[in-house]
Amino acid sequence: MVMVNLLTICEFIIMAVLVIAGDNDAIVPAWNAKRLAKLFPNGQFHIIRDCGHLPFEEKPEEFAMEIKKFIQQMQNATCVATESVGFMPI
């Protein structure tokens, strides 16, 4: 079995990545999640206030809203990029 340290390959993942963290996370502190997001060339970071380790359970509406905004940004970026070269978005 080949073991890979994922932190060493983050710089090669060029797709957009969203890292969401709770500001009261005792397992993965928000500062560490933010550091992770910075390792990706197109990483984004969002912190959810008054939230622990499980933002999708503790703050599901805010969590879902951030994912929705992220997806919309990616769709808008895809449309702009494809318009400039004459292709239709999928």
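None of these values were measured; they are calculated from a predicted model. Numbers here are sequence positions counted from 1.
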How about Lys59 and Asp50: do any of their side-chain heavy atoms sit closer than 4.5 Å?
yes
Side-chain contact, heavy-atom cut-off 4.5 Å: Ile67 with Ile20?
yes
Heavy-atom closest pair, residues [X] and [Y]:
X: Ala21; Y: Ala30; value: CB-CA, 4.2 Å
X: Met15; Y: Asn42; value: O-CB, 3.9 Å
X: Leu18; Y: Glu66; value: CD2-O, 3.9 Å

Given 3.5 Å as the limit, does a donor-acceptor pair link the side chain of Glu58 with the main chain of Gly52, or not?
yes
Does CD1 in Ile14 sit with more than 12 non-hydrogen atoms of other residues, nucleotides or ligands closer than 6.0 Å?
no
How many angstroms lie between atom [atom1] of [X] and atom [atom2] of [Y], to the nearest 0.5 angstrom?
X: Asn24; Y: Arg49; atom1: CG; atom2: CZ; answer: 9.5 Å
X: Ile71; Y: Gln73; atom1: CD1; atom2: CD; answer: 10.5 Å
X: Phe63; Y: His46; atom1: CZ; atom2: NE2; answer: 10.0 Å
X: Asn32; Y: Ile27; atom1: CG; atom2: CD1; answer: 12.5 Å

Among the clusters formed by ILVMFWY side chains lying less than 4.5 Å apart, do Trp31 and Ile47 turn up in the same one?
no
Same apolar cluster (I L V M F W Y, side chains within < 4.5 Å links), Val28/Val19
no
